[in-house]
*Asks:* 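What follows is a structure written as structure tokens; I'll ask about it next.
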Amino acid sequence: MEKLLPRFLEYVSIDTQSDPYSKSTPSTEKQWNLAKKLVMELHQIGMQEVSIDEHAYIMAMLPSNIEKPVPTIGFISHFDTTPDFSGKNVKPNIVKDYDGKDIILNKKKNIVLSPDYFEDLLQYKGQTLITTDGTTLLGADDKAGIAEIITAMEYLVKHPEIKHGKIRIAFTPDEEIGRGAHKFDVEKFGAEWAYTMDGSQVGELEFENFNAASAKITIAGKSVHPGYAKGKMVNAIGISNEFLSLLPLREVPEHTSGREGFFHVHKLKGEIEAAEIELIIRDHDMEHFEARKALLHDITSKLSKKYGDCINLQIEDQYRNMREKVEPVFHIVEIAKEAMESLGIEPIIKPIRGGTDGSQLSFMGLPCPNIFAGGHNFHGKYEYVPLESMEKAVQVIVKICELTAEQIK
């Protein structure tokens with residue numbers, strides 16, 4: 001475990017922010033910087049069949065050390081960070097023996113990580129926290145997962161007395177922009193099932209996620225001198241406001257939780273002659289998900305009749321709820337649950353209010369529940385991860401490998 005913290009700190013120092021507007025894979029050239037380092041490290045710790053393809057997908061294998069046939073299982077994490085917040089020049093702060101009080105991230109800018117607002121902090125009194133310096137994200141999503149997987153594999157290499165079957169691992173680019181599994185070679189990976197190490201707090205075990213789609217609405221207006229505009233001007237800004245007013249007011253991220261779905265407007269720009277709205281649609285229930293998409297079509301049709309044919313709607317499905325693919329092989333969730341319980345970790349089984357590579361991989365033939373990596377407050381300056389949570393994640397990976405071998409008679 002002694003290498004876990006320095007390993008993680010080195011990973012987060014490398015900027016791997018992805019770009020949703022890029023058409024390449026990986027979407028940014030800088031993701032290669034960490035990808036190539038990971039390949040070297042996998043060789044160094046003794047992994048076999050280490051490979052990286054032309055799109056920066058990394059795979060490696062730890063061979064079985066038992067004679068009986070055991071299912072090949074896998075562990076997967078992504079090395080890109082979100083485009084929502086800067087991941088450049090990350091300077092982590094290490095807070096030892098956290099006292100439960102405010103943590104000053106950046107005194108000059110008065111940025112404070114406070115348990116008064118982030119109550120989860122109080123779970124980690126007495127532990128070692130890794131935080132940001134208040135100017136960037138941290139990158140625990142999902143470099144914590146990568147550090148945990150590599151540390152677990154290194155531990156298994158050094159401890160052959162722990163019996164396990166063949167283990168496959170993979171690290172992917174572009175998960176944060178919904179493309180992490182797009183070019184993943186499931187057949188080459190060769191596992192019967194896998195786990196993404198991409199959850200948050202200790203104990204999280206998830207096999208249900210949102211159905212997801214993105215939508216783009218473009219509105220064409222007509223600009224006329226405002227003094228003579230009656231009956232002639234078509235103000236695209238005003239129509240965009242009207243469009244948004246017809247969406248359910250409370251069905252937004254800031255007012256929903258659990259299995260409640262939402263619409264989330266994340267981009268809005270406009271002038272009189274042209275306006276553009278970008279939003280995402282999320283719902284765990286497929287019927288409700290389809291109804292949300294239908295509502296956007298209905299609003300588009302209604303406003304087109306009112307203002308003329310000036311509105312265009314494009315909807316693109318992104319991923320689906322993996323529950324339908326995991327439930328038929330639910331023993332893979334039970335193994336992870338047993339691993340946690342045997343280590344004194346209380347499993348927190350709940351739906352993901354988001355998606356992981358695992359949601360897409362499950363529909364590609366690789367059932368893939370999600371396990372905690374330990375971080376909190378992803379995608380922003382208040383992100384942090386307790387070192388002890390990362391250590392527990394390493395232990396869970398090792399225990400899953402051990403239990404999978406033990407349960408096969």
Side-chain angles (χ1 to χ4, degrees), residues 10-45 47-62 72-84 87-88 137 139 141-150 153 167-198 209 212 214 316-320 322 325 354-368 370 373 379:
E10 188 170 7
Y11 297 164
V12 300
S13 71
I14 302 171
D15 182 12
T16 56
Q17 188 179 54
S18 48
D19 178 5
Y21 301 103
S22 168
K23 301 300 182 184
S24 64
T25 304
S27 62
T28 52
E29 190 68 21
K30 56 191 173 184
Q31 290 183 63
W32 283 104
N33 296 332
L34 180 54
K36 291 175 180 177
K37 174 178 177 48
L38 294 174
V39 169
M40 292 176 58
E41 193 166 357
L42 290 171
H43 281 294
Q44 290 168 358
I45 68 169
M47 295 295 285
Q48 298 184 19
E49 297 180 8
V50 179
S51 67
I52 183 168
D53 68 13
E54 68 272 25
H55 301 297
Y57 285 77
I58 300 166
M59 293 185 184
M61 184 271 291
L62 184 64
T72 299
I73 64 172
F75 297 91
I76 301 169
S77 290
H78 64 91
F79 49 78
D80 69 312
T81 60
T82 180
D84 295 343
K88 185 177 182 180
L137 50 67
D141 181 13
D142 189 24
K143 292 169 185 175
I146 293 175
E148 291 154 6
I149 291 172
I150 291 182
M153 294 303 105
I167 304 164
R168 299 283 293 173
I169 67 169
F171 304 135
T172 69
D174 293 339
E175 189 271 354
E176 294 290 2
I177 56 174
R179 302 184 209 156
H182 283 193
K183 296 180 179 179
F184 191 102
D185 191 335
V186 170
E187 183 176 357
K188 176 184 175 182
F189 192 57
E192 290 190 30
W193 72 83
Y195 302 92
T196 50
M197 302 300 298
D198 196 17
N209 61 279
S214 62
E316 181 179 343
D317 285 337
Q318 295 172 307
Y319 51 84
R320 289 165 58 188
M322 67 172 135
K325 296 298 183 181
T356 69
D357 281 343
S359 56
Q360 295 183 56
L361 291 170
S362 292
F363 283 89
M364 294 165 64
L366 182 66
C368 207
N370 189 45
H379 297 193

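Worth knowing before you read on, the calculation uses all heavy atoms, side chains too, and leaves out hydrogens, waters and symmetry mates.
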*Asks:* Search all heavy atoms of Thr25 against all heavy atoms of Pro173 and return the closest pair with its distance.
*Replies:*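 Taking Thr25 first and Pro173 second, the nearest heavy atoms are CG2-CG, 4.3 Å.
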
*Asks:* Run the side chain to side chain donor-acceptor pair (under 3.5 Å) test on Thr28 and Asp19 for me, step by step, so that the C-alpha distance in whole Å, both residues' side-chain angles and the decisive distance to 0.1 Å come before the verdict.
*Replies:* CA-CA 6 Å; Thr28 52; Asp19 178 5; over 6 Å; no

*Asks:* Does any part of the side chain of Leu361, heavy atoms only, come nearer than 4.5 Å to the side chain of Phe189, both counted from C-beta?
*Replies:*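 Counting from C-beta outward, Phe189 and Leu361 never come under 4.5 Å.
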
*Asks:* Can you check whether Ile177 reaches Ser27 side chain to side chain, under 4.5 Å on heavy atoms?
*Replies:* yes

*Asks:* If the test is side chain to side chain contact (heavy atoms under 4.5 Å, CB included), which one of Lys88, Lys143, Lys30 qualifies with Thr16?
*Replies:* Lys143

*Asks:* Would you give the length of the straight line joining atom OH of Tyr195 to atom CD1 of Ile149, rounded to the nearest 0.5 angstrom?
*Replies:*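 Tyr195 atom OH to Ile149 atom CD1 measures 12.5 Å (nearest 0.5 Å).
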
*Asks:* Drop me the distance from Asp84's CG to Gln17's CD, to the nearest 0.5 angstrom.
*Replies:* 8.5 Å

*Asks:* Above 12 or not: heavy atoms from other molecules or residues under 6.0 Å from NZ of Lys188?
*Replies:*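 Yes, enclosed.
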
*Asks:* Applying side chain to side chain contact (heavy atoms under 4.5 Å, CB included), run through Glu192 and Ile73 and close with a yes or a no.
*Replies:* CA-CA 6 Å; Glu192 290 190 30; Ile73 64 172; 5.9 Å; no

*Asks:* Write out all pairs satisfying salt bridge (Lys or Arg N to Asp or Glu O under 4.0 Å) with one or both partners inside residues 48-61, taking only residues at least two apart or from two chains.
*Replies:*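 Only Glu49-Arg168 qualify under salt bridge (Lys or Arg N to Asp or Glu O under 4.0 Å).
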
*Asks:* Taking atom CG of Leu38 and atom CD1 of Ile52, what is their separation to the nearest 0.5 Å?
*Replies:* 8.0 Å

*Asks:* Identify the heavy atoms of Ala194 and Phe75 that sit nearest to each other, and give their distance.
*Replies:*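 Smallest interatomic distance, heavy atoms only, reads CB-N, 4.4 Å.
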
*Asks:* Can you tell me how far OG1 of Thr81 sits from CD1 of Ile14, rounded to the nearest 0.5 angstrom?
*Replies:*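 Spacing of CD1 (Ile14) from OG1 (Thr81) equals 11.5 Å.
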
*Asks:* Shortest non-hydrogen contact from Lys37 to Tyr11?
*Replies:*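 For Lys37 and Tyr11, the tightest heavy-atom pair comes out as CE-CE2, 4.3 Å.
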
*Asks:* Does the side chain to side chain contact (heavy atoms under 4.5 Å, CB included) test come out yes or no for Met153 and Ile169, once each step is laid out?
*Replies:* CA-CA 9 Å; Met153 294 303 105; Ile169 67 169; 3.9 Å; yes

*Asks:* Only counting residues at least two apart or in another chain, list the ones meeting salt bridge (Lys or Arg N to Asp or Glu O under 4.0 Å) with Glu41.
*Replies:* Arg7

*Asks:* Between Arg320 and Asn209, what is the shortest heavy-atom contact and its length?
*Replies:* O-ND2, 3.0 Å

*Asks:* Of the non-hydrogen atoms in Ser18 and Glu176, which two are nearest, and what is the gap between them?
*Replies:* OG-CB, 3.8 Å

*Asks:* If we check side-chain hydrogen bond (donor to acceptor under 3.5 Å, both in side chains) with Asp174, which of these qualifies: Arg179, Gln31, His182, His78?
*Replies:* Gln31

*Asks:* Where do Cys368 and Ile76 come nearest, in terms of heavy atoms and distance?
*Replies:* SG-CD1, 4.2 Å

*Asks:* Please assess Met59 against Phe184 for the test side chain to side chain contact (heavy atoms under 4.5 Å, CB included), listing each intermediate value before the final yes or no.
*Replies:* CA-CA 10 Å; Met59 293 185 184; Phe184 191 102; 3.9 Å; yes

*Asks:* Nearest 0.5 Å, please: how far is CD in Glu148 from CE in Met197?
*Replies:*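 Those atoms lie 5.0 Å apart.
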
*Asks:* Quick one: does any side-chain atom of Gln360 pair with a main-chain N or O of Gly178 as donor and acceptor, under 3.5 Å?
*Replies:* yes

*Asks:* So how far is it from Thr82 OG1 to His379 NE2, rounded to the nearest 0.5 Å?
*Replies:*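 That separation rounds to 4.5 Å.
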
*Asks:* Indicate whether the side chain of Asp357 and that of Thr196 have a donor and an acceptor atom separated by less than 3.5 Å.
*Replies:* no

